[in-house]
Asker: 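Before anything else, here's the structure in question.
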Amino acid sequence: MQLQSSASSFNSSIPSFSSIFFSVRKKPAFSFMSRAKPRLVDLVCSMSETGAKTKETKLWGGRFEESVTEIVEKFTESISFDKQLYKHDILGSKAHASMLAEQGLISESDRDSILQGLDEIERNIEAGQFIWRTDREDVHMNIEAALTDMIGEPAKKLHTARSRNDQVLTDFRLWCRDAIVMILTSIKHLQVALVTLALKNNGLIVPGYTHLQRAQPVLLQHLLLAYVEQLERDAGRLLDCRDRLNFCPLGACALAGTGLPIDRFRTSKALGFTAPMRNSIDAVSDRDFVLEFLSANSIIAVHLSRLGEEWVLWASEEFGFITPSDSVSTGSSIMPQKKNPDPMELVRGKSARVIGDLVTLLTLCKGLPLAYNRDLQEDKEPMFDSVKTIVGMLEVSAEFAKNITFNRERIQKALPAGHLDATTLADYLVKKGMPFRTSHDIVGRSVALCVSKSCQLQDLTLDEMRTLSPVFDEDVYEFIGVENAIKKFSSYGSTGSTCVADQLNYWVTKLEINK
Ligand code: ARG
């Protein structure tokens, strides 16, 4: 499991889902098997594993005479979730240690011990051999304390000119940077699946809806490509977010910077950031990048939820436009006949959590004075949840797209209903020189006539049409009927077959799809 959480990953390599979401075996908060009654302290907090035999002094424990109570320790810990940042924490520490040595703040041999020790810790974590300790509070102190256990004195120099306040943000920005690359990859998977689905269904006309009422005929390809466009804007938002978050807080220390001769440009560059953050107070206070990332994810979630809704409707008996294969459907425990499009229902459902994650962060931040406040520790779980959920939603939507069939016959049969060609007929009269408002009215009357006769526009005789306007001529029949109507669309971006073919070519080239 290699996570390329490094300077190079910013430009090219793609971190894997599992490496971002490093999962650690959790002991349940309490077990019915082992204990009749759960202890309050176990219920208060999610993680009771410490691995510690004896109580040790906290890294910050100098001025304290008493140790914190178990309830406080378990309530304030973040190790149960921020251990996911371990790779980025180690990366940041390595850059920091190298800079300290270059600046003469630690010796080269201390630096080498630190770097080697950190490498070994990383290997231990990845081998599942590292013991995460709740009494060591968070990922930063777990790693630093483990390093001290391992290499002794040199490890005590690592936190020179650094605070956990700038450290956690360095880790988190690096993590978000990698997570964005991962989401971009999943966005592309879905775009490719949608374009491939479009290619498979060349020429298929479906009813286009407004107000969920039949409106005009459209090519299915056109409709599918509308989702591809949304996803492209989603990717753009993430790229913007990545550019804005790629500034380095390391060296801002607690909030005020330091009097020690550090080189923040050196660490920033080593970690692949654009530049160090200009203002140390801003550096440790800012969570805009989290809000922005969660907002971008929320918009993706809304797009996918709409796609989910569309496909759930299309899979219904009432629409019957698509048949999802069994491999992406689930059944009912009571109704033997049921075959449900659950994955897309859950895509719609999970959008709620992604939006909730954003609202959590907005609420978290709104009352906070500068600079760091412990409340901010609550920024991580919503972010982890949001990224994990979005990737899942994108990947399952792509899976669904690969496993649906459009029911051509059923769609074809349903097309005549709803007078989808009425607007094209109005355009016909405009082409003959009639003002649009007048043509709208005449076609409205034509439709009313069809409704009274239970027929389609193309079933009206020329004489019947001429009772409504003398402008109608033989060539009107080239404009009515869904097949004819669709041929008449020619404006840029419209549903005409040439326009749609142009769009399709654009995406096939851009997404490098082999036809
Ligand atoms: N676990 C903390 C967080 O996630 C790290 C920073 C703690 N800083 C402090 N001064 N207590 O925000």
Asker: In chain order, what residues pass the side-chain hydrogen bond (donor to acceptor under 3.5 Å, both in side chains) check against D379, with sequence neighbours excluded?
Answerer: R287

Asker: Indicate yes or no: at least one non-hydrogen side-chain atom of S98 is less than 4.5 angstrom from one of R266.
Answerer: yes

Asker: I want to know whether W311 and F321 have ring centres closer than 6.0 Å.
Answerer: no

Asker: For Q337, does the CD atom have more than 12 heavy-atom neighbours from other residues, nucleotides or ligands under 6.0 Å away?
Answerer: yes

Asker: With a 4.5 Å cut-off on side-chain heavy atoms, are E77 and D135 touching?
Answerer: no

Asker: Decide, yes or no, whether a salt bridge links R123 with E126 under the criterion of side-chain N to carboxylate O below 4.0 Å.
Answerer: no

Asker: Side-chain contact, heavy-atom cut-off 4.5 Å: R173 with M277?
Answerer: yes

Asker: Check whether the side chains of D82 and H140 place a donor and an acceptor atom closer than 3.5 Å, and report yes or no.
Answerer: no

Asker: Is there a side-chain contact between K339 and D326, using heavy atoms and a 4.5 Å cut-off?
Answerer: yes

Asker: Indicate yes or no: at least one non-hydrogen side-chain atom of K380 is less than 4.5 angstrom from one of F384.
Answerer: yes

Asker: Is any side-chain heavy atom of S325 closer than 4.5 Å to a side-chain heavy atom of T405?
Answerer: no

Asker: So, for D166 and V284, which heavy atoms are closest and what is the spacing to 0.1 Å?
Answerer: N-CG1, 3.9 Å

Asker: Test of understanding: with side-chain hydrogen bond (donor to acceptor under 3.5 Å, both in side chains), list the residues that count as partners of S186, not counting sequence neighbours.
Answerer: E395

Asker: Sequence neighbours left out, what passes side-chain hydrogen bond (donor to acceptor under 3.5 Å, both in side chains) with E399? Give chain and number order.
Answerer: none

Asker: Between R374 and E137, does at least one N-O distance fall below 4.0 Å, as a salt bridge requires?
Answerer: yes

Asker: If you measure only the distance, is there a donor-acceptor pair under 3.5 Å linking the side chains of N246 and R177?
Answerer: yes

Asker: Tell me if the CZ atom of R278 is crowded by more than 12 foreign heavy atoms within 6.0 Å.
Answerer: no

Asker: How close do A193 and K402 get, counting heavy atoms only, and between which atoms?
Answerer: CB-CG, 4.3 Å

Asker: For the backbone of V195 and the side chain of Q221, can you confirm whether one donor and one acceptor N or O come within less than 3.5 Å of each other?
Answerer: no

Asker: Taking only residues at least two apart or on different chains, which pairs with a member in residues 105-114 satisfy salt bridge (charged side-chain N to carboxylate O under 4.0 Å, His left out)?
Answerer: D110-K157

Asker: Can you sort out the partners of Y372 under ring-ring contact (aromatic ring centres under 6.0 Å, His included), two or more places apart, ordered by chain and number?
Answerer: none

Asker: Ignoring hydrogens and geometry beyond distance, is a side-chain donor-acceptor pair present between E310 and Y227 at under 3.5 Å?
Answerer: yes

Asker: Would you give me the side-chain donor-acceptor pairs under 3.5 Å for residues 356-365, sequence neighbours excluded?
Answerer:
residue, atom, partner, partner atom, Å
D357, OD2, S386, N, 3.2
T360, OG1, G356, O, 2.8
T363, OG1, V359, O, 2.6

Asker: List the residues meeting side-chain contact (heavy atoms from CB on, under 4.5 Å) with T170, not counting sequence neighbours, and say none if there are none.
Answerer: L174, P249, L250, L271, F273

Asker: Does the side chain of V347 reach to within under 4.5 Å of the side chain of L307, using non-hydrogen atoms?
Answerer: no

Asker: List for me each residue that meets side-chain hydrogen bond (donor to acceptor under 3.5 Å, both in side chains) alongside S93, sequence neighbours excluded, and say none if there are none.
Answerer: R162

Asker: With sequence neighbours left out, what residues match Q116 under side-chain contact (heavy atoms from CB on, under 4.5 Å)?
Answerer: none

Asker: Just to verify, what does F406 make a ring-ring contact (aromatic ring centres under 6.0 Å, His included) with, not counting sequence neighbours?
Answerer: W314

Asker: Are more than 12 heavy atoms, taken from residues, nucleotides or ligands other than R306, located less than 6.0 Å from that residue's CZ atom?
Answerer: no

Asker: Residues in side-chain contact (heavy atoms from CB on, under 4.5 Å) with P343, at least two apart?
Answerer: V396, F400

Asker: Would you name the heavy atoms of I299 and D234 that are closest together and state the gap between them?
Answerer: CG2-OD1, 3.7 Å

Asker: Residues in side-chain contact (heavy atoms from CB on, under 4.5 Å) with D240, at least two apart?
Answerer: R244

